[in-house]
Amino acid sequence: MSTTETYDVVGMTCDHCVRSVTEEVSALQGVSAVDVDLASGKVHVTTREPVTTEQVREAVAEAGYQLV
Ligand code: 9UX
């Protein structure tokens, strides 16, 4: 059983940004998939155990961007 949450991220402007965010968020415990849409800034995070917004926020910040 997994769930997918969508977050809005500001600041991503290229494919390298997308890869950074994907890598950092993917590294969080419990995350099974990350899909970033560069055009919209939407980040879809699929998890198999609970992951908090704060954890996602910190991972996104680690990559250099911000959750809305
Ligand atoms: Mo290059 Mo994407 O600095 O931010 S990684 S535009």
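Side chains are part of it too, since the values below use all heavy atoms of this structure and drop only hydrogens, waters and symmetry mates. For ligands, and for the atoms within them, numbers begin at 1 and follow the listed sequence.
Not counting sequence neighbours, the partners of T52 by the side-chain hydrogen bond (donor to acceptor under 3.5 Å, both in side chains) test are Q55.
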Could you list each N/O atom of ligand 1 together with any protein N/O atom closer than 3.5 Å, one pair per line with the distance?
| from | atom 1 | to | atom 2 | distance (Å) |
| --- | --- | --- | --- | --- |
| ligand 1 | 4 (O) | Y65 | OH | 3.3 |

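Screening D35, D37, D8 against K42 for a side-chain hydrogen bond (donor to acceptor under 3.5 Å, both in side chains) leaves a single residue, D8.
Inspection of the T6 and H44 side chains reveals an N or O donor paired with an N or O acceptor under 3.5 Å.
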* To do: With side-chain hydrogen bond (donor to acceptor under 3.5 Å, both in side chains) as the test, would you mind laying out the steps for S32 and S2 before giving the verdict?
  => CA-CA 8 Å; S32 49; S2 61; 5.2 Å; no
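You'll find the side chain of Y7 stays beyond 4.5 Å of the side chain of V68, heavy atoms only.
Open room surrounds CD on Q66; 12 or fewer heavy atoms of other groups in view lie less than 6.0 Å from it.
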